[in-house]
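What you see is a predicted model; the values in this text were computed from it and never measured. Here is the naming used below: chain letters follow the sequence lines, and residue numbers restart at 1 for every chain.
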There are 2 protein chains.
Amino acid sequence: MAKKKNLKAQTYNELCDLLSDRFDRLSNQLKKISQFVLENPNDTALKTTANLAQQIGVQPSSLIRFAQALDYDGFSEVQAIFKERLVKQLPGASENYSERIQGLRKEQSGENKQSLNFLDKFIDINCSALEHLGKDISPNDLEKAIELIKAAESVYILGQRRSFPAAAYMYYGMSQLSIRSYLIDSVGGLLKEQISQLGKNDVLIAITFPKYSENSLSAIRIARERGATIISITDSPISPVVLESDICFYTDVATISGFRSFSATMCLAQTLVINLG
Amino acid sequence: MAKKKNLKAQTYNELCDLLSDRFDRLSNQLKKISQFVLENPNDTALKTTANLAQQIGVQPSSLIRFAQALDYDGFSEVQAIFKERLVKQLPGASENYSERIQGLRKEQSGENKQSLNFLDKFIDINCSALEHLGKDISPNDLEKAIELIKAAESVYILGQRRSFPAAAYMYYGMSQLSIRSYLIDSVGGLLKEQISQLGKNDVLIAITFPKYSENSLSAIRIARERGATIISITDSPISPVVLESDICFYTDVATISGFRSFSATMCLAQTLVINLG
DNA sequence: GCCAAAATGAAATATTTATTCTATATAAAG
DNA sequence: CTTTATATAGAATAAATATTTCATTTTGGC
């Protein structure tokens with residue numbers, strides 16, 4: 001057998017190494033491409049060969065030659081690596097972050113305990129949920145929500161079951177700020193009665209996640225009928241509460257073993273409260 | 001002119017709004033697709049129609065129908081929006097997450113709104129609190145706590161004031177797991193009476209932060225006198241509860257404007273609960 | 001329970017996109 | 001200066017991918 005074939009670089013980092021290695025021996029155009037792809041990894045991941053070629057100022061065929069000079073069959077293979085990088089870098093799989101934690105864990109506990117794995121996973125999930133939060137919350141909505149709450153006569157906070165802790169936090173925070181607020185806690189099964197206190201100068205902050213409790217949904221409907229302003233925190237644009245709400249925030253509820261991450265929701269809750277103060 | 005043409009949703013947020021609006025009127029398959037794309041925006045951005053269709057469990061043509069139901073000409077237009085979202089999230093080569101977040105924020109809101117700064121700061125604080133958590137929690141303590149809880153006849157959970165949300169979460173989680181658990185909520189001012197239920201085969205999980213409420217402290221003392229096992233979550237080794245506790249976890253409660261980050265505490269709470277399941 | 005309308009699946013087609021091929025230009029060696 | 005090898009552009013082709021069409025199933029109204 002003539003020669004053992006070089007295994008292609010599979011990850012972004014390997015690709016980087018390969019490039020530093022061969023850069024000097026590449027032709028002018030291929031150097032140009034190298035520089036571009038390293039400086040514009042996102043474009044490289046998402047655009048078509050024709051597009052990229054134009055942007056770089058080379059022919060599409062040069063992109064293929066570039067890939068082949070790096071031992072790939074075609075440019076698509078290179079692009080796949082950039083795509084992978086794009087999602088890996090995203091919250092949740094952020095190489096720095098996860099790797100850092102995992103490395104740390106390994107070194108400090110050789111025993112690899114189950115409970116620690118869960119802790120790590122949770123930290124990871126919560127962190128990525130937080131990162132998403134920053135990106136997905138619309139600045140305008142946040143401002144608007146704060147204005148509405150400030151203008152309200154009273155603020156009612158609704159969160160049943162898993163959403164109750166977040167609701168309880170908001171209630172605590174607002175009380176500290178001497179905002180006239182009420183926690184709808186269903187004590188004594190009096191949810192409907194509690195909701196009926198709401199008037200048209202009041203704001204209802206409703207926190208709901210799947211599976212949306214029928215109690216919460218009907219409470220929101222009642223509040224709406226009574227003319228209250230409704231600010232919701234829920235999981236997605238297709239949650240049943242969205243259409244009933246004046247403003248809606250979506251928080252990422254990544255799940256692990258059927259349980260949901262709460263950090264993003266809590267963080268948003270805190271942000272709202274603090275901006276009132 | 002026959003009819004004013006609807007302008008297509010151009011951004012991810014607009015697309016979300018559109019989906020909330022029309023979701024109810026979509027057919028089953030189209031609903032399925034809606035859910036998927038909202039839950040898997042990255043896949044939606046990067047994969048081919050055939051791929052996605054298979055993953056969702058529909059025909060490729062349904063994806064096009066989905067796009068058309070949202071006034072687009074084809075699925076490619078939808079995908080373009082998801083692609084845009086994907087890169088908007090990532091300002092260039094990412095350093096660590098806080099820098100990333102800060103960079104992002106600056107660029108997308110020239111107006112530099114106060115509320116956003118708070119959101120960013122919070123995200124940042126919560127993320128580092130989580131990171132610390134991973135480093136600070138002792139594997140042995142975690143294991144031991146889990147064993148103790150598993151062995152307990154009943155679990156009582158105490159958290160007053162700011163600690164109440166975390167306590168409420170643990171109560172919720174344990175109830176889901178059919179663990180015999182009680183939330184000491186002081187309803188009706190009956191804290192002492194609630195605590196007096198504790199016996200020597202029970203575990204008290206006490207969550208306390210400065211300034212440690214006198215109620216909580218005396219509750220812990222009573223529980224101890226009655227021979228219960230005490231697992232605490234508190235802020236530091238010099239917290240007054242440490243000496244009363246069998247196991248003690250410290251969570252980082254970074255503060256901003258006098259308010260405290262809760263993520264680490266919540267995360268630890270979740271980890272404990274899940275390891276019981 | 002029947003009919004019309006809507007939704008879906010599956011294959012056919014159109015379009016886009018990647019890759020190869022060929023001619024031309026450029027650089028290096030004799 | 002010529003020759004040979006290499007690099008590049010641009011067009012041609014192949015492959016992948018999106019979209020349309022049509023047959024079949026399902027749904028909802030009478």
Side-chain angles (χ1 to χ4, degrees), chain A residues 8-9 15 19 21-37 40-87 238, chain B residues 8-9 15 18-19 21-37 40-87:
Chain A
K8 307 169 197 173
L15 179 57
L19 264 176
D21 217 44
R22 302 206 185 161
F23 184 78
D24 292 332
R25 275 165 279 158
L26 293 177
S27 74
N28 280 337
Q29 298 284 86
L30 297 195
K31 276 181 185 161
K32 207 167 159 188
I33 294 174
S34 303
Q35 286 181 306
F36 181 90
V37 299
N40 306 76
N42 297 345
D43 285 343
T44 307
L46 294 174
K47 295 190 175 177
T48 65
T49 46
N51 259 300
L52 288 170
Q54 195 195 6
Q55 202 174 338
I56 304 174
V58 299
Q59 287 290 320
S61 45
S62 295
L63 288 174
I64 283 89
R65 283 191 285 267
F66 169 74
Q68 289 169 343
L70 265 44
D71 302 328
Y72 297 98
D73 293 337
F75 186 71
S76 305
E77 288 185 8
V78 173
Q79 209 170 33
I81 290 177
F82 280 86
K83 282 184 182 172
E84 200 185 73
R85 169 184 173 280
L86 196 54
V87 289
I238 57 180
Chain B
K8 306 171 197 173
L15 181 57
L18 190 62
L19 266 174
D21 221 42
R22 303 210 182 160
F23 182 75
D24 291 332
R25 276 164 277 157
L26 294 177
S27 73
N28 282 336
Q29 302 278 292
L30 265 37
K31 277 183 184 156
K32 208 166 158 187
I33 294 173
S34 305
Q35 287 181 304
F36 181 91
V37 300
N40 306 77
N42 297 345
D43 285 343
T44 306
L46 295 175
K47 296 190 174 177
T48 65
T49 46
N51 259 300
L52 288 171
Q54 196 196 4
Q55 202 174 338
I56 303 174
V58 299
Q59 288 289 322
S61 45
S62 294
L63 288 174
I64 283 89
R65 283 192 281 263
F66 169 74
Q68 289 169 344
L70 265 37
D71 303 329
Y72 297 97
D73 292 337
F75 186 72
S76 305
E77 288 184 9
V78 173
Q79 210 169 34
I81 290 176
F82 279 88
K83 283 184 183 171
E84 200 188 26
R85 169 180 176 278
L86 196 54
V87 291

| task | Count the heavy atoms of every other residue, nucleotide or ligand shown that sit under 6.0 Å from CD of A:Gln55, and state whether that count exceeds 12. | result | yes
| field | For atom CD1 of B:Ile56 and atom C1' of C:dG9, their distance in whole Å | value | 15 Å
| query | Mind checking what makes ring pair (Phe, Tyr, Trp, His ring centres under 6.0 Å) contact with B:Phe82, not counting sequence neighbours? | reply | B:Tyr12
| remark: Here the distance between atom P of C:dT8 and atom CZ of B:Phe66, to the nearest Å, is 13 Å
| Taking atom CG of A:Leu63 and atom CZ of A:Phe75, what is their separation to the nearest 0.5 Å? | 5.0 Å
| task | Give me the residues of residues 23-31 of chain A where at least one heavy atom lies under 4.0 Å from an atom of DNA chain D, by number, or none. | result | A:Ser27, A:Asn28, A:Gln29
| Ignoring hydrogens and geometry, is there a side-chain-to-backbone donor-acceptor pair from B:Gln79 to B:Thr44 under 3.5 Å? | yes
| note | The contact string for nucleotides 13-29 of chain C, one letter per nucleotide 5' to 3', using protein heavy atoms under 4.0 Å with B, S and - for base, sugar-phosphate only and none, comes out as ----SBBB---------
| said: For A:Ala69, is there any backbone N or O sitting under 3.5 Å from a side-chain donor or acceptor partner on A:Arg22? | reply: yes
| message | Between A:Ser62 and D:dA9, is there a contact of a side-chain N or O with OP1 or OP2 at under 4.0 Å? | response | yes
| remark: Value for CD1 (A:Ile238) from CG (B:Asp24), rounded to nearest 0.5 Å, stands at 9.5 Å
| task | Please report the C-alpha distance between B:Asn42 and B:Arg85 in whole Å, then the side-chain angles of each, then the deciding distance to 0.1 Å, and finally whether the side chain to side chain contact (heavy atoms under 4.5 Å, CB included) criterion is met. | result | CA-CA 9 Å; B:Asn42 297 345; B:Arg85 169 180 176 278; 3.9 Å; yes
| said: Any side-chain to backbone donor/acceptor pair from A:Tyr72 onto A:Ala9? Under 3.5 Å, distance only. | reply: yes
